[in-house]
Peer 1: 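Please see the structure below; I have some questions.
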Amino acid sequence: MDELSKKIQDLKNLIENTDHILIAGGEYLSEQAGLDIYGKMFTDNFQDFIERYDFTNMYNGTFYPYKYSEEKWAYLARYFYVYLHFEGTRLYKKIYKLVEDKDYFVITTNFDEQFYKTGFKKSRVYASNGDFRHLQCKKICSDELYDFVELIERMVKQTDYERKIPRQLVPKCPKCGASMDLHLTTTDNFIKDPNWIKQHEKYGRFTNKNKDSKTLVLQFGNPKTFEKTIMENPKWHLVRFIESKGRLENIGSSIFKSFRKNNEALERIITFEEPIEEIIDQLLKKY
């Protein structure tokens with residue numbers, strides 16, 4: 001049996017024998033699923049902005065210092081419109097099939113809603129970075145969130161040839177008239193609304209409750225590091241799906257230096273650098 005086959009078999013055994021599964025999903029997972037912010041999804045939808053500003057990926061336009069708010073919100077609306085209408089992907093559905101009969105929980109830094117669209121229960125998903133469905137007051141005059149979805153649709157439909165929306169569509173706070181922000185942790189003064197707090201607390205309860213139980217962490221990309229958690233919980237195993245440039249041995253944090261010296265903990269980690277779907281397909285063959 002070659003090394004890859006052995007790792008896949010080891011992971012199959014872990015899934016079969018674990019009590020709980022924690023899924024950690026980062027940008028790499030969605031990229032592998034087809035939501036490639038550098039590729040076709042980007043070039044098919046943002047050609048006018050690419051030609052004007054030489055953007056090389058979708059993120060470029062979210063942080064660009066536009067001269068006009070009408071152009072900034074035209075870009076943001078289109079950005080989230082793409083996510084809103086992107087169907088649930090095959091890869092996410094396969095991952096759900098892998099864990100649907102287990103006691104699972106998801107923590108994700110992604111806001112593309114792929115977990116919601118592919119079978120995962122919303123009550124078991126903690127989107128730690130917020131969501132694109134809501135806006136908040138930039139001055140935080142209140143903790144209220146405002147629906148952005150209906151406005152997204154209108155903004156996209158009314159974007160003109162200069163890449164601008166009508167001025168009256170630029171969102172203002174209904175209470176104080178200040179500018180609005182996205183409800184994402186990338187903005188200043190992120191509002192921790194009741195739903196975010198509830199899911200954050202559920203994540204904490206899941207990890208605390210299972211600290212002495214057989215628990216498998218499936219980490220897709222690097223939304224959160226779990227080396228310290230593995231060291232502290234001898235019944236936990238970590239399986240990492242990472243890009244080849246993100247080799248475990250190259251992590252230079254002080255936490256990992258301690259982790260690397262712990263041979264017992266090191267034996268409870270498996271790292272895959274192969275395409276995620278190839279590995280998931282092999283795991284599903286038994287089902």
Peer 1: Apply the test salt bridge (Lys or Arg N to Asp or Glu O under 4.0 Å) to residues Lys211 and Glu232: give CA-CA distance (whole Å), side-chain angles for both, the deciding distance (0.1 Å), then the verdict.
Peer 2: CA-CA 9 Å; Lys211 62 182 179 181; Glu232 295 174 346; over 6 Å; no

Peer 1: Taking the side chain as everything from C-beta on, heavy atoms only, tell me whether Glu71 gets closer than 4.5 Å to Phe49.
Peer 2: yes

Peer 1: Would Phe220 end up clustered with Tyr83 when hydrophobic side chains under 4.5 Å apart are linked, directly or stepwise?
Peer 2: no

Peer 1: Test side-chain contact (heavy atoms from CB on, under 4.5 Å) on Val106 and Tyr203; report intermediate values, then the result.
Peer 2: CA-CA 8 Å; Val106 175; Tyr203 169 68; over 6 Å; no

Peer 1: For His183, what residues pass the ring-ring contact (aromatic ring centres under 6.0 Å, His included) criterion, not counting sequence neighbours?
Peer 2: Phe190

Peer 1: For a quick check under 3.5 Å, do Glu201 and Tyr126 share a side-chain donor-acceptor pair by atom type?
Peer 2: no

Peer 1: Under the side-chain contact (heavy atoms from CB on, under 4.5 Å) rule, what do Leu76 and Leu182 come out as? Steps first, then yes or no, please.
Peer 2: CA-CA 9 Å; Leu76 292 175; Leu182 300 168; 4.1 Å; yes

Peer 1: Kindly list each side-chain donor-acceptor pair under 3.5 angstrom involving residues 55-63, sequence neighbours excluded, with atom names and distances?
Peer 2:
unit_1	atom_1	unit_2	atom_2	d
Thr56	OG1	Asn60	OD1	3.0
Asn57	OD1	Tyr59	N	2.9
Asn57	OD1	Asn60	N	3.1
Asn60	OD1	Thr56	N	2.6
Asn60	OD1	Asn57	N	3.1
Thr62	OG1	Tyr59	O	2.7

Peer 1: Show your reasoning for whether side-chain contact (heavy atoms from CB on, under 4.5 Å) applies to Leu284 and Lys94.
Peer 2: CA-CA 8 Å; Leu284 288 173; Lys94 289 179 178 180; 3.8 Å; yes

Peer 1: Centres of the Phe46 and Tyr75 rings: under 6.0 Å?
Peer 2: yes

Peer 1: With sequence neighbours excluded, what pairs up with Tyr116 under the ring-ring contact (aromatic ring centres under 6.0 Å, His included) test?
Peer 2: none

Peer 1: What residue pairs, at least two apart or across chains, pass salt bridge (charged side-chain N to carboxylate O under 4.0 Å, His left out) with a residue in residues 109-137?
Peer 2: Glu113-Arg133

Peer 1: Do His134 and Tyr146 pair up side chain to side chain, a donor and an acceptor below 3.5 Å, judged on atom types alone?
Peer 2: no

Peer 1: Which residues satisfy the ring-ring contact (aromatic ring centres under 6.0 Å, His included) test with Phe120, sequence neighbours excluded?
Peer 2: Tyr96, Tyr104, Phe115

Peer 1: How close do Asn45 and Val82 get, counting heavy atoms only, and between which atoms?
Peer 2: CG-CG2, 3.7 Å

Peer 1: Side chains of Phe272 and Ile280, heavy atoms from C-beta outward: is any pair under 4.5 Å?
Peer 2: no

Peer 1: Taking the side chain as everything from C-beta on, heavy atoms only, tell me whether Ile15 gets closer than 4.5 Å to His237.
Peer 2: no

Peer 1: Between Arg167, Lys164, Arg163, which is the residue that forms a salt bridge (Lys or Arg N to Asp or Glu O under 4.0 Å) with Glu70?
Peer 2: Arg167

Peer 1: Supply the members, apart from Leu145, of the Ile/Leu/Val/Met/Phe/Trp/Tyr cluster built from side-chain contacts under 4.5 Å; use none for a lone residue.
Peer 2: Ile140, Ile191

Peer 1: Thinking salt bridges, do Asp212 and Lys235 make one under a 4.0 Å N-O criterion?
Peer 2: no

Peer 1: Looking at residues at least two apart in the chain, or sitting in another chain, which of them share a ring-ring contact (aromatic ring centres under 6.0 Å, His included) with Phe132?
Peer 2: Phe80

Peer 1: With sequence neighbours left out, which residue pairs that include part of residues 47-58 fulfil the salt bridge (charged side-chain N to carboxylate O under 4.0 Å, His left out) condition?
Peer 2: Asp48-Arg78

Peer 1: Would you list the pairs meeting ring-ring contact (aromatic ring centres under 6.0 Å, His included) in which at least one residue belongs to residues 11-42, sequence neighbours left out?
Peer 2: none

Peer 1: Counting N and O atoms only, with roles assigned by atom type, does the side chain of Asn210 sit under 3.5 Å from a partner on the main chain of Ser213, one being a donor and the other an acceptor?
Peer 2: no

Peer 1: Which atom names give the shortest non-hydrogen contact between Ile270 and Asp10, and what distance separates them?
Peer 2: CD1-CB, 3.9 Å

Peer 1: With no hydrogens and no angle check, do the side chains of Ser30 and Asn110 hold a donor and an acceptor under 3.5 Å apart?
Peer 2: yes

Peer 1: Walk me through whether Tyr66 and Trp73 qualify under ring pair (Phe, Tyr, Trp, His ring centres under 6.0 Å).
Peer 2: CA-CA 10 Å; Tyr66 297 100; Trp73 284 101; over 10 Å; no

Peer 1: Can you tell me which residue pairs pass the side chain to side chain donor-acceptor pair (under 3.5 Å) test with a partner in residues 153-162, sequence neighbours excluded?
Peer 2: His85-Glu153

Peer 1: Among pairs that include at least one residue of residues 173-186, which meet salt bridge (charged side-chain N to carboxylate O under 4.0 Å, His left out), considering only residues two or more places apart or in two chains?
Peer 2: Lys138-Asp181, Glu144-Lys175

Peer 1: Side chains of Gln199 and Asn195: donor-acceptor distance under 3.5 Å anywhere?
Peer 2: no

Peer 1: Do Ile230 and Ile269 touch side chain to side chain, with heavy atoms closer than 4.5 Å?
Peer 2: no

Peer 1: Is any side-chain heavy atom of Asp19 closer than 4.5 Å to one of Leu216?
Peer 2: no

Peer 1: Does Asp147 have any side-chain hydrogen bond (donor to acceptor under 3.5 Å, both in side chains) partners at least two apart in sequence or in another chain, and if so, which?
Peer 2: none

Peer 1: Identify the heavy atoms of Thr271 and Lys7 that sit nearest to each other, and give their distance.
Peer 2: O-NZ, 2.6 Å

